[in-house]
Structure formats: C-alpha cells, structure tokens
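To keep things clear, I will list the structure first and then write my remarks on it.
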Amino acid sequence: MNVLVKSATIVDPKSDFHNQTVDILIEKGTISQISKRIQNPKNYKEIRRDNLHVSQGWFDSSVSFGEPGYEERETIANGLDTAAKSGFTAVAVNANTNPVIDSYADISFLKSKAEKHAVNLYPIGALTKHSDGTDLAELFDMKTAGAVAFYDYQHPIANPNLMKLALQYASNFKGLVCSFPQESKISGLGVMNENVTSTSLGLKGNPALAEELQVARDLFILEYTEGKLHIPTISTAKSVELIRAAKQKKLDVSCSVAIHNLIYTDEHLKTFNTNFKVLPPLRTQKDIDALISGVKDGTIDMVTSDHNPIDIEDKKIEFDYAKYGTIGLESAFGALNSIFTIKKTVELLTNGRERYAMDTTPIAVGNSANLSMFNPNSTYTFTKDHMFSRSKNAMFEGHNLKGNVYGIIANNQLVIQ
C-alpha cells in the first residue's frame, strides 16, 4: 500500500514531529518521508481531510465480540471492521464466547480469524476453565499460542487461594492476570448502583463495597505473591484510593476504567433504558470525579470502551432480566474527547500496549505506519448512523460527542470513511 497523507497534524509526544502539520509518505506500509510539503510524482493515493490529525494507532484493552457461539451479537470480521472505522488498530478480545476461550486451540482460532486484517486482534484467554472459577485454565499453553492476558470476563474469582495460585503460576512466564472487581456475595442480585436512586426505582442495588472489598483482597494477595495484576473497569472512588496506595508501595498493578463510567451516573437509569445496564454499574458523581482524577494523575493506567454487543432480544426486556453491556468502540473517541484535551485523549487511547507486551510504533521515518486519523474539533450527536456493530445497544445514542474518526492505516492497509 502506497499513500500520501496531506497536511496532517501529528499528535505523538514520542515523535520528532509532535504538534507539527506535515505530509506523510507511506510506501509499502512503511513511513518513508515526513516533511512540510511532499510532491507526489508517482501519483499515489492522497488523503486530504478537514483538520486532519494523526496519532499512533489506538488500542482498546477490553472488547467483546461474539464469535464463536454468539455470532448474532457480533462476528470477528465485522467487529474488527467496526474497530477500524472507530480509529483502533489493535484490540484485546475477551474470552466470553461459547465455548469460552480457554485453550491453545481456542486462542489459535481467534488469531486465525483475524489474519490479514488491518486491525490486530490480541486474544485474552480465560483465567479458569470455562470461566467457572474452579480450576485454572491452560495459561502457559494459551500464552504460547498468543494470549496477552488471562481474564474471566465479568466473572469474579471467589476463591482467594485460586487467585493466589494464578498470580504465582503466571509470574513464571510474566503472564498478566486480570481480576474482575466484585465480591458476589455482597453484590448479590443487584442490577444497578446501590443508592437513593436504586431505592426510588425499586431496583436491587450493587453497592460500591462489593467492588472495593474485592480490590482490597486482590491487592493483599498481589503483595504476597509479587505477581502481575490488572484490575479491569474499576468504578468507585475508594477503588482509586486503594490502587493509588498499592502503586505507591510499588506493587505490579494496573487498572482501567470504562469510558461510560467517566460520564454517566446512576441517575440515567431513571428511564429504565437497558442500554445503561452495565457491569460494573454506573455510580455517582463523586465516583466520576475520583475516577477522572485517577485518570489525570496516572493511577488509572488506561481507558476502555468495554465494547460488548448484546442482541435486541436480550436488551428489550424487563430491566432485571436484561443482559449487561453496551457497545462503545464507535463512540469512544468522541466521548473521551468531550471531557479531556486532545493530548490526553490520544494518550489514553494509546496507553496499555506495553502492559499487554505489545510493540509501540512512534510516527517516524522507517517505522511501519500504524496510524489513527481523526478531526478533534467537530461536534455531532451520536445516532444509529454512527453504529457499525451488528448489535445496536449503545449507551451513547443521542449523546453529543466531540471529534470524529476518519480511519486508520495499519498492517499495510488503509481503512477510511
């Protein structure tokens, strides 16, 4: 693939051209020239867009598709196309399929389905067999096959000894163990944040305590094992405090937050719109303020769309019985860019690769082109026209967003809207 990107402002602190507006010549997938003005004698395809900005390719650490088993929700092919149109060049894909991704063969299957796509798919293997929390899965075999982490998606590990063994075993090959922060005996049958709002709506509450107990437990176990832990999608102020203290003690811990937990409170459930039913649940403004502070000071290492397509039959039902989840890849950039500066937004969307043992590719001559292209200043209302996923369970539908994506250049391919 040969292409000339014209008048693009580079947003990449690791590049010598950071904050400069330049032309970028890409030949056979590699950046061959960066300059104020580049001629095009070979008549390569030119990319010109209003207020064009480029950065290193974005990465999402928690994406769910459906294949195998739930293709009606999403397929791998369309999921990766959605990621590309949303500006992502890499996604880590959860194991919540049917069957659960918990073996060498399963990891190989996911990777084979993603071959030759512009977006790199990085499989996350299940931490326990069938994600049932009883026995450890084939962690080393999955690591050998290409798994970048191990996580029973939204299934907490109830047995603390199992968590201890997982951290100890995975440390032998530098495996990243993920633990969903919820104590199920405390959360019970709660379907939203336990608060005055849940009481007024007559819905069972899932208290912040359920998350914070699990986070505290896992950090104690981490300190004992000296392992490598990632806590995905925290949602409470106390969780931020606990992880901040753990990092001050130099524990090897990272964490993420779902973008919607930075924007919406549990007040938005008053309409009983099941697209707002997510796990962890939407919390309070106090929690949002603490989460945003944690993002700004680096306590929270990365953000995620926590993209989880759910078919209409499992969403358009009574709130108590609706499945958890919202799609989020398509709205991720516009939502983040609405609350942070463009520099911080790009930083958050490119963080996480090193934690998942992936290479980074600064925008420089001689490097492979791995670029996300966008306009940070446009504003629009997010509608179904902006949804590329097969499922349309979007929490951000009707929300005003800032910044739109043009596409990506990655793996010697161009995907552009």
Side-chain angles (χ1 to χ4, degrees), residues 1-12 14-15 17 20-60 63 65 75-91 93 111 113-122 305 307 329-330 332-334 342 345-346 349-350 353 358-376 378 385-389 403-417:
M1 178 206 66
N2 303 308
V3 66
L4 178 58
V5 181
K6 299 292 291 184
S7 298
T9 301
I10 292 178
V11 185
D12 181 7
K14 295 183 179 180
S15 171
F17 298 92
Q20 297 183 36
T21 301
V22 295
D23 293 351
I24 306 172
L25 181 62
I26 299 166
E27 297 181 286
K28 296 181 180 180
T30 299
I31 299 174
S32 60
Q33 188 178 349
I34 301 176
S35 183
K36 285 290 184 183
R37 187 180 298 274
I38 299 175
Q39 301 300 317
N40 191 8
K42 296 183 180 180
N43 199 30
Y44 291 155
K45 178 181 177 65
E46 293 190 5
I47 298 175
R48 299 175 183 266
R49 292 292 188 276
D50 291 339
N51 196 31
L52 177 60
H53 285 58
V54 300
S55 71
Q56 289 190 45
W58 302 340
F59 165 64
D60 194 325
V63 170
F65 290 148
T75 63
I76 291 172
N78 191 68
L80 293 175
D81 287 345
T82 297
K85 293 173 183 176
S86 303
F88 292 87
T89 64
V91 291
V93 176
K111 291 180 70 68
K113 293 289 289 188
E115 283 182 354
K116 299 180 181 179
H117 201 281
V119 177
N120 287 323
L121 184 155
Y122 293 94
S305 68
H307 181 82
L329 282 171
E330 299 98 311
F333 173 66
I342 184 58
T345 296
V346 168
L349 290 171
T350 52
R353 288 178 178 268
M358 303 173 193
D359 293 331
T360 59
T361 50
I363 300 174
V365 173
N367 283 353
S368 297
N370 190 294
L371 307 175
S372 298
M373 301 179 289
F374 52 94
N375 177 353
S378 60
D385 291 339
H386 302 105
M387 302 178 199
F388 310 113
S389 301
N404 66 287
V405 174
Y406 291 133
I408 64 169
I409 299 174
N411 286 336
N412 198 21
Q413 297 176 60
L414 168 67
V415 179
I416 195 162
Q417 297 189 51

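The two atoms that bring Ser368 and Thr361 nearest to each other are O-CB, 4.2 Å, heavy atoms only. Nearest heavy atoms, Gln413 versus Met1: C-SD, 3.4 Å. The minimum heavy-atom distance linking Ala114 with Leu80 is given by the pair CB-CD1, 3.7 Å. Closest approach of Val415 to Ala84, counting heavy atoms only: CG1-CB, 3.8 Å.
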With side chain to side chain contact (heavy atoms under 4.5 Å, CB included) as the test, would you mind laying out the steps for Ser86 and His307 before giving the verdict? CA-CA 12 Å; Ser86 303; His307 181 82; over 6 Å; no
Side chain to side chain contact (heavy atoms under 4.5 Å, CB included) between Met373 and Leu414, intermediate numbers included: CA-CA 11 Å; Met373 301 179 289; Leu414 168 67; 3.9 Å; yes
Dump the intermediate steps for side chain to side chain contact (heavy atoms under 4.5 Å, CB included) on Asn2 and Lys42, then the final yes or no. CA-CA 10 Å; Asn2 303 308; Lys42 296 183 180 180; over 6 Å; no
Worked check of side chain to side chain contact (heavy atoms under 4.5 Å, CB included) between Glu330 and Thr82: CA-CA 7 Å; Glu330 299 98 311; Thr82 297; 3.6 Å; yes
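Ser305 contributes no side-chain N or O that, together with a main-chain N or O of Ala332, makes up a donor-acceptor pair within less than 3.5 Å. Remark: the backbone N or O of Gly57 is paired with a side-chain donor or acceptor of Asn370 at under 3.5 angstrom.
Glu27 and Ser32 form a side-chain donor-acceptor contact under 3.5 Å, judged by distance and modelled atom types alone.
Contact of the Pro362 side chain with the Asn367 side chain is registered, since non-hydrogen atoms from C-beta on lie closer than 4.5 Å. You'll find the side chain of Ile363 stays beyond 4.5 Å of the side chain of Phe17, heavy atoms only. Within the 4.5 Å cutoff, side-chain heavy atoms of His117 are placed close to those of Asp81. Considering only heavy atoms from C-beta on, Val119 stays 4.5 Å or farther from Thr89 through its side chain. Using a 4.5 Å cut-off on side-chain heavy atoms (C-beta onward), Asn375 and Tyr406 make contact.
With values rounded to the nearest 0.5 angstrom, Ser7 atom OG is found 9.5 Å from Lys36 atom NZ. To the nearest 0.5 Å, the span separating CG on Leu52 from NZ on Lys6 amounts to 11.5 Å. Expressed to the nearest 0.5 Å, how far CG of Leu121 lies from CD of Glu115 amounts to 11.0 Å. Here the CZ atom belonging to Phe65 is positioned 8.5 Å from the CG atom belonging to Asn78, to the nearest 0.5 angstrom. Annotation: the span from Ile409 atom CD1 to Ile47 atom CD1 amounts to 4.0 Å, rounded to 0.5 Å. With rounding to the nearest 0.5 Å, the separation of OG1 in Thr30 from CG in Asn412 is 7.5 Å.
Here the options are Asn404, Val346, Ile342, the test is side-chain contact (heavy atoms from CB on, under 4.5 Å), and the partner is Pro376; only Ile342 passes. With Ile10 as the partner, the side-chain contact (heavy atoms from CB on, under 4.5 Å) test is satisfied by one option alone out of Thr21, Val5, Val22, Leu371: Val22.
The aromatic rings of Trp58 and Phe374 are tilted relative to each other, their planes meeting at an angle between 30° and 60°.
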